[in-house]
Enquirer: 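The structure is given below, and queries will be raised subsequently.
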Amino acid sequence: MATAATGALPVAIIGAGVAGLALAVMLRRQGLGVSLFEARPREALSEGAFLTLAPNGINALRALGLADRIGALGIRTLGFEIMNAAGRRLVHLDERRSMREAGAESVTLKRSDLLNALLDEALALGADIRFGHALTGIDNQAESVRLAFGNGATVDAAWLAGCDGVWSRVRRLCFPASPDPVYTGLTGVGGVVDLPFVEPTNGLMHMVFGDQAFFGYIKSDNGPVFWFDSFPLDEAAAMAKPDPVQLAMTVRRLHAGDPPAVRRIVETFTHIPRGYPVFDMRHLPQWHSGRVVLLGDAAHAVSPHAGQGASMAIEDAVVLAACLDATPLPAQAFAAFQALRQDRVEHIVRISRRIGAQKQTKGRVTLFLRDLVLPFFIRLGSRTTRAVTRYRADLAPLEKPSI
């Protein structure tokens, strides 16, 4: 097992998101010194709504020793139901059998709960985590990396992991010729709200292809409603950060003609803090250079439609740590990491993009055809989903997934 020699430089991680915090936990468990830097204040970890960890993500958490603790923070998510705007059920898919085969159940939880659980574990293991450090420069040297920050601090590190998301500063500094993320045409909103009048969904994510937007929600017996919405919006408007009151009005308007269950939920919205323009990364040829490596959304931004973004980030952390354990030389470990991960994550990017395209369907004839063929394609696609969720990063991180 790789261990840090006395006086050795720490590993530097940029970004206190899922990938960065998961990697900090993994590396500390291996005995490596870790310094993690986040541009925002610690309070920023409370931002965002919620996410779903698929079985492969929960299993990847086993390598961190956190599967049971984090799994208990959310709602068991055992399948989904899809309706059209008229309220007709198109698909009902119970995934409990495939989850038993995968060895874990999907869990929907607040993003802040996941981040804070990872942060608490990283701190308990002795990681040095510094907020308010915005990266401004990287000197990628032969034997180390020197980092410069906007507050005037400079730090030397053995190597650097860029885990700073879709608009990664690390990627832009170290890979200036890399492609930019691509706007998918959809913007998302979501939240967690107490609505006692909403019936529990019994472990199903209820989703509706509305006339103008795609809405989904899940609720446990006595818990709040976890809801999300995706709708087409041009890029300029999406990036303009609309007023929270206006955004709530927009969501209510988009669903004014949709089934009563959806209308009753959205009619309670008086303000929505922010929207999330959905970007993804089509292909990044190189994830590493010298002593710098990218992982998570910095390397392969995944749109949320397949529910795999956080799971991919945790898998990345587990696999990179395993590569470093087997091959302590950073350049070799980084190359092995990309070879193991790239085909899988780019496959999931494509799946998620196809799902997102279905949410932008317009026209009476096109909608009729979509409703007609959707059940067939969903069931066909569930076979691919099962192959994705059965992968066990915790058991075989150095074996290349079949997909």
Enquirer: Looking at Ala310, is its backbone amide N or carbonyl O close enough to the side chain of Glu315 to form a donor-acceptor pair, meaning the two atoms are under 3.5 Å apart?
Expert: no

Enquirer: Would you say that His300 contacts Asp316 through its side chain, given a criterion of any heavy-atom pair below 4.5 Å between the two side chains?
Expert: yes

Enquirer: Do NZ/NE/NH1/NH2 and the carboxylate oxygens of Arg130 and Glu38 come within less than 4.0 Å?
Expert: no

Enquirer: Measuring from atom CE of Met205 to atom OH of Tyr217, what distance do you get when rounded to the nearest 0.5 angstrom?
Expert: 11.0 Å

Enquirer: Any side-chain donor-acceptor pair under 3.5 Å between Asp211 and His255?
Expert: no

Enquirer: Between Ser352 (side chain only) and Ala306 (backbone N and O only), is there a donor and an acceptor less than 3.5 Å apart?
Expert: yes

Enquirer: Drop me the distance from Leu27's CG to Leu320's CG, to the nearest 0.5 angstrom.
Expert: 7.0 Å

Enquirer: Identify whether the distance between the nearest side-chain nitrogen and carboxylate oxygen of Lys400 and Asp343 falls below 4.0 Å.
Expert: yes

Enquirer: Quick check against the 3.5 Å criterion: does Ser289 have a side-chain atom that pairs as donor or acceptor with the backbone of Val292?
Expert: no

Enquirer: Quick check on Arg146: does its CZ atom have over 12 non-hydrogen neighbours (other residues, nucleotides or ligands) under 6.0 Å away?
Expert: no

Enquirer: Which pair of non-hydrogen atoms, one from Val18 and one from Leu118, has the smallest distance, and what is that distance?
Expert: O-CD1, 4.0 Å

Enquirer: Hey, could you give me the CG/CE distance between Leu64 and Met26, rounded to the nearest 0.5 Å?
Expert: 5.5 Å

Enquirer: Do Val34 and Pro10 come close enough that some side-chain heavy atom pair is under 4.5 Å?
Expert: no

Enquirer: Rounded to the nearest 0.5 Å, how far apart are CE of Met281 and CG of Leu294?
Expert: 8.5 Å

Enquirer: Out of the candidates Arg76, Arg97, Arg100, only one should pair with Glu105 under the salt bridge (Lys or Arg N to Asp or Glu O under 4.0 Å) rule; please name it.
Expert: Arg76

Enquirer: Taking all atoms of both residues into account, what is the closest heavy-atom pair of Ser220 and Pro200, and its distance?
Expert: O-CB, 3.9 Å

Enquirer: Between Lys219 and Leu195, is there a donor-acceptor pair closer than 3.5 Å when you use the side chain of the first and the backbone of the second?
Expert: yes

Enquirer: Check whether the side chains of Thr108 and Thr52 place a donor and an acceptor atom closer than 3.5 Å, and report yes or no.
Expert: yes

Enquirer: Answer yes or no: is there a side-chain heavy-atom contact under 4.5 Å between Arg253 and Gln212?
Expert: yes

Enquirer: Between Asp120 and Arg42, what is the shortest heavy-atom contact and its length?
Expert: OD1-NH2, 4.0 Å

Enquirer: If only atom types and distance count, is the side chain of Arg282 paired as donor or acceptor with the main-chain N or O of Arg350 below 3.5 Å?
Expert: no

Enquirer: Going from CG on Leu32 to CG on Leu125, what distance comes out if it is rounded to the nearest 0.5 angstrom?
Expert: 12.0 Å

Enquirer: Ring-plane angle category for Trp159 and Phe334, please: parallel below 30°, perpendicular beyond 60°, tilted otherwise.
Expert: perpendicular

Enquirer: Is Arg390 paired with Glu101 through a side-chain N to carboxylate O contact shorter than 4.0 Å?
Expert: yes

Enquirer: Could you walk me through whether Leu186 and Leu233 pass the side-chain contact (heavy atoms from CB on, under 4.5 Å) check?
Expert: CA-CA 6 Å; Leu186 289 168; Leu233 195 64; over 6 Å; no

Enquirer: Does any N or O in the side chain of Thr327 come within less than 3.5 Å of the main-chain N or O of Leu324, such that one atom is a donor and the other an acceptor?
Expert: no

Enquirer: Using a 3.5 Å distance criterion without hydrogens, assess whether the side chain of Thr77 forms a donor-acceptor pair with backbone atoms of Ile75.
Expert: yes

Enquirer: Under 6.0 Å between ring centres, would you say that holds for His206 and Phe80?
Expert: no

Enquirer: Any side-chain heavy atom of Asp164 within less than 4.5 Å of one from Arg171?
Expert: no

Enquirer: Quick check: do Leu61 and Leu53 have side-chain heavy atoms less than 4.5 Å from each other?
Expert: yes

Enquirer: To the nearest 0.5 Å, how far apart are CG in Asp113 and CG in Leu45?
Expert: 11.5 Å

Enquirer: Kindly assign one of parallel, tilted or perpendicular to the pair Phe37 and His133, based on the angle between their ring planes and the thresholds 30° and 60°.
Expert: tilted

Enquirer: Please determine whether side-chain contact (heavy atoms from CB on, under 4.5 Å) holds for the pair Leu36 and Asp128, giving the CA-CA distance in whole Å, both sets of side-chain angles, and the decisive distance to 0.1 Å.
Expert: CA-CA 6 Å; Leu36 185 152; Asp128 172 24; over 6 Å; no

Enquirer: Side chains of Thr184 and Ser303: any donor to acceptor distance under 3.5 Å?
Expert: no

Enquirer: Aromatic rings Phe209 and Phe214: how do their planes relate, parallel, tilted or perpendicular, breaks at 30° and 60°?
Expert: perpendicular

Enquirer: Enumerate the salt bridge (Lys or Arg N to Asp or Glu O under 4.0 Å) contacts for residues 288-307, please, sequence neighbours excluded, ordered by first and then second residue.
Expert: Glu143-Arg291

Enquirer: One pair to check against side-chain contact (heavy atoms from CB on, under 4.5 Å): Met83 and Phe215. What are the steps and the verdict?
Expert: CA-CA 10 Å; Met83 295 189 298; Phe215 190 86; over 6 Å; no

Enquirer: Where do Leu398 and Ala326 come nearest, in terms of heavy atoms and distance?
Expert: CD1-CB, 3.9 Å

Enquirer: Look at Glu121 together with Arg69 and state whether they make a salt bridge at an N to O cut-off of under 4.0 Å.
Expert: yes

Enquirer: Is the gap between the ring centers of Trp287 and Phe175 under 6.0 Å?
Expert: no

Enquirer: How far apart are the C-alpha atoms of Gln141 and Asp156, what are their side-chain angles, what is the distance that settles it, and do they pass the side chain to side chain donor-acceptor pair (under 3.5 Å) test?
Expert: CA-CA 10 Å; Gln141 303 169 355; Asp156 291 323; 5.5 Å; no

Enquirer: Is there a donor-acceptor pair under 3.5 Å between the side chain of Gln30 and the backbone N or O of Ala321?
Expert: yes

Enquirer: For Leu9 versus Ala158, what's the shortest heavy-atom pair and its separation?
Expert: CB-N, 3.5 Å

Enquirer: Gln338 side chain to Pro285 main-chain N or O, any donor-acceptor pair under 3.5 Å?
Expert: yes

Enquirer: Should Val208 and Asn84 be marked as a side-chain contact (heavy atoms from CB on, under 4.5 Å) after you check the CA-CA gap, both sets of side-chain angles, and the distance that decides it?
Expert: CA-CA 6 Å; Val208 178; Asn84 66 10; over 6 Å; no

Enquirer: Inspect the contact between Arg263 and Asp258 and indicate whether a charged nitrogen and a carboxylate oxygen are less than 4.0 angstrom apart.
Expert: no

Enquirer: For the residue pair Ser112 / Asn116, report whether a side-chain donor-acceptor contact shorter than 3.5 Å exists.
Expert: no

Enquirer: Short question: side chain of Thr187, backbone of Gly275 - any donor-acceptor pair under 3.5 Å?
Expert: no

Enquirer: Between His92 and Glu81, which heavy-atom pair has the shortest distance, and what is it?
Expert: ND1-OE2, 3.8 Å

Enquirer: Does some side-chain heavy atom of Phe149 sit less than 4.5 Å from a side-chain heavy atom of Leu135?
Expert: yes

Enquirer: Quick check on Arg40: does its CZ atom have over 12 non-hydrogen neighbours (other residues, nucleotides or ligands) under 6.0 Å away?
Expert: yes

Enquirer: I'd like to check Trp227 versus Val266 (side-chain heavy atoms, cut-off strictly below 4.5 Å). Are they in contact?
Expert: no

Enquirer: With a 4.5 Å heavy-atom cut-off, do Val225 and Phe197 have their side chains touching?
Expert: no

